[in-house]
Asks: 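My questions will all concern the structure given below.
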Number of protein chains: 2
Amino acid sequence: MPLTDSPAQPHDHSLCIDDALAQARLICERRNVRLTPIREQVLGLIWQNHKPVGAYDLLEQLATTHQAAKPPTIYRALDFLQENGLIHKIESQNAFLGCAHVGGQHHGQFLICTACGTAQEIDEKVVSSALKNASQARGFQIHSFVIEIKGLCAACQDI
Amino acid sequence: MPLTDSPAQPHDHSLCIDDALAQARLICERRNVRLTPIREQVLGLIWQNHKPVGAYDLLEQLATTHQAAKPPTIYRALDFLQENGLIHKIESQNAFLGCAHVGGQHHGQFLICTACGTAQEIDEKVVSSALKNASQARGFQIHSFVIEIKGLCAACQDI
DNA sequence: TGAATATTGTTATATCATATCATTGCCCCA
DNA sequence: TGGGGCAATGATATGATATAACAATATTCA
Ligand SMILES: [Zn+2]
Ligand SMILES: [Zn+2]
Ligand SMILES: [Zn+2]
Ligand SMILES: [Zn+2]
């Protein structure tokens with residue numbers, strides 16, 4: 001994607017979904033973990049669009065085809081998907097988003113549009129190295145970080 | 001504070017509390033908003049240490065001297081304190097922390113120690129400008145951001 | 001004073017997440 | 001091949017975080 005391409009722009013989203021699921025299958029095979037039907041279905045639901053989605057929204061959708069689904073069903077699937085780097089939690093929204101950079105070891109950086117709800121994952125080395133430097137200068141050893149940027153995406157500014 | 005001074009290091013914390021409350025009174029007077037007894041007491045409780053504290057922890061403490069305190073009591077005080085830039089919410093912990101840079105318009109950047117729980121607020125221009133640049137390059141207009149860095153503070157690495 | 005507004009009280013409920021134990025399914029190897 | 005061990009799911013209950021809605025009280029200011 002060129003820099004200016006945002007998930008808020010029109011695109012063939014079925015390709016996003018197919019890619020995400022294909023990559024997930026590959027990753028899980030490589031890691032020798034099981035992408036069970038429930039887990040795969042939840043991942044598919046998360047990838048329905050580029051907006052973070054809440055656990056109970058997912059539950060409601062899952063329950064339409066899976067009567068036994070209860071909160072632990074969803075949270076277990078979400079835990080699995082997070083542990084394997086397939087999704088991110090957006091902390092400021094208690095919601096979950098498909099990872100756009102599976103495989104690469106990274107922490108998330110997200111541009112979240114407050115108008116349309118779309119979240120774009122970016123991975124800016126200059127940001128992470130600035131954080132590393134600032135932390136190091138204070139003797140702080142980074143394990144992980146959360147970066148959630150709120151504002152208006154390009155599409156929503158034009159309205 | 002020199003760069004290496006962290007709130008995890010020993011210091012006369014009563015000065016932190018006194019400063020925070022004095023500044024809060026000043027700010028509220030300037031902004032012509034009312035730092036009522038409940039609000040001031042909640043701010044004092046938040047400043048009891050440098051660790052983010054949950055709303056229900058605060059409620060429990062407040063309730064010891066204020067029988068009528070219920071969840072809305074706390075959340076209203078927290079809303080007020082946030083609106084006036086006196087505290088921050090740590091999204092990844094659903095907890096609240098006194099603002100270390102009152103007055104200056106800023107978004108928070110936090111170094112959160114997973115061992116001792118202490119959170120240090122920093123304000124690195126290089127980080128915020130890196131975010132600005134990355135966003136601008138994508139046509140995204142920033143309103144606010146959340147940066148929460150997890151790891152080990154200097155004191156906890158030595159153990 | 002008395003109306004308008006801000007703050008607090010009160011009750012109920014919405015929303016997000018986990019603990020615990022039972023049951024089922026999968027895998028590997030004796 | 002069958003059965004022990006572990007992973008995954010089912011089921012129930014509860015914990016933790018946050019807000020809605022309306023009533024009562026306090027403050028402000030004309
Ligand atoms: Zn898409
Ligand atoms: Zn990612
Ligand atoms: Zn202190
Ligand atoms: Zn601050």
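In the text below, chain A, chain B and the rest are named by the order of the sequence lines, each starting its count at 1. Because the structure is predicted, anything quoted here is derived from the model rather than measured.
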Asks: Using the test side chain to side chain contact (heavy atoms under 4.5 Å, CB included), find all partners of Glu29(A) that sit at least two apart in sequence or belong to another chain.
Replies: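 By the side chain to side chain contact (heavy atoms under 4.5 Å, CB included) rule, Glu29(A) matches no residue at all.
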Asks: Along nucleotides 15-30 of chain D, 5' to 3', which nucleotides get a B, which get an S, and which get a -, given that the test is a protein heavy-atom distance under 4.0 Å?
Replies: --BBBBB-----S---
Asks: Do you know the tightest heavy-atom contact between Lys89(A) and Glu148(A)?
Replies: O-OE2, 4.1 Å
Asks: Within less than 4.0 Å of OP1 or OP2 of dG10(D), is there a side-chain N or O belonging to His66(A)?
Replies: yes
Asks: State which residues pass side chain to side chain contact (heavy atoms under 4.5 Å, CB included) with His11(A); sequence neighbours excluded, sorted by chain then number.
Replies: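 If we apply the side chain to side chain contact (heavy atoms under 4.5 Å, CB included) test to His11(A), skipping adjacent residues, the hits are His13(A), Cys16(A), His50(A).
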Asks: How would you list, by chain and number, every residue that makes a side chain to side chain contact (heavy atoms under 4.5 Å, CB included) with Ser135(B), sequence neighbours excluded?
Replies: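 Ser135(B): side chain to side chain contact (heavy atoms under 4.5 Å, CB included) contacts with Leu111(A), Ile149(A), Phe140(B), Ile142(B).
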Asks: With heavy atoms of chain A within less than 4.0 Å as the criterion, where does contact along DNA chain C begin and end?
Replies: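 Counting from the 5' end, contacts occupy dC16(C) to dC26(C).
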Asks: Run through the side-chain heavy atoms of Ile, Leu, Val, Met, Phe, Trp and Tyr, join any pair under 4.5 Å, and report what else lands in Leu152(B)'s cluster.
Replies: none
Asks: Hydrophobic clusters join Ile, Leu, Val, Met, Phe, Trp and Tyr when side-chain heavy atoms are under 4.5 Å apart, directly or via other members; which others share one with Leu26(B)?
Replies: none
Asks: Could you give the side-chain donor-acceptor pairs of residues 37-48 of chain A under 3.5 Å, partners two or more places apart or in another chain?
Replies:
from     : atom 1 : to       : atom 2 : distance (Å)
Arg39(A) : NH1    : Arg34(A) : O      : 2.7
Glu40(A) : OE2    : Arg25(A) : NE     : 3.1
Glu40(A) : OE2    : Arg25(A) : NH2    : 2.7
Gln41(A) : NE2    : Thr65(A) : OG1    : 2.8

Asks: Compile the donor-acceptor pairs under 3.5 Å between side chains in residues 67-81 of chain A and protein atoms, sequence neighbours left out, one pair per line.
Replies:
from     : atom 1 : to       : atom 2 : distance (Å)
Thr73(A) : OG1    : Lys70(A) : N      : 2.9
Thr73(A) : OG1    : Lys70(A) : O      : 3.0

Asks: Residues in salt bridge (Lys or Arg N to Asp or Glu O under 4.0 Å) with Asp123(A), at least two apart?
Replies: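 Asp123(A) satisfies salt bridge (Lys or Arg N to Asp or Glu O under 4.0 Å) with Lys125(A) only.
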Asks: Going by side chain to side chain contact (heavy atoms under 4.5 Å, CB included), name the residues that satisfy it together with Ser129(B), two or more places apart in sequence or in a different chain.
Replies: none
Asks: Please list, in numerical order, the residues of residues 39-48 of chain A that have a heavy atom closer than 4.0 Å to any atom of DNA chain D.
Replies: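 Close to the strand are Arg39(A).
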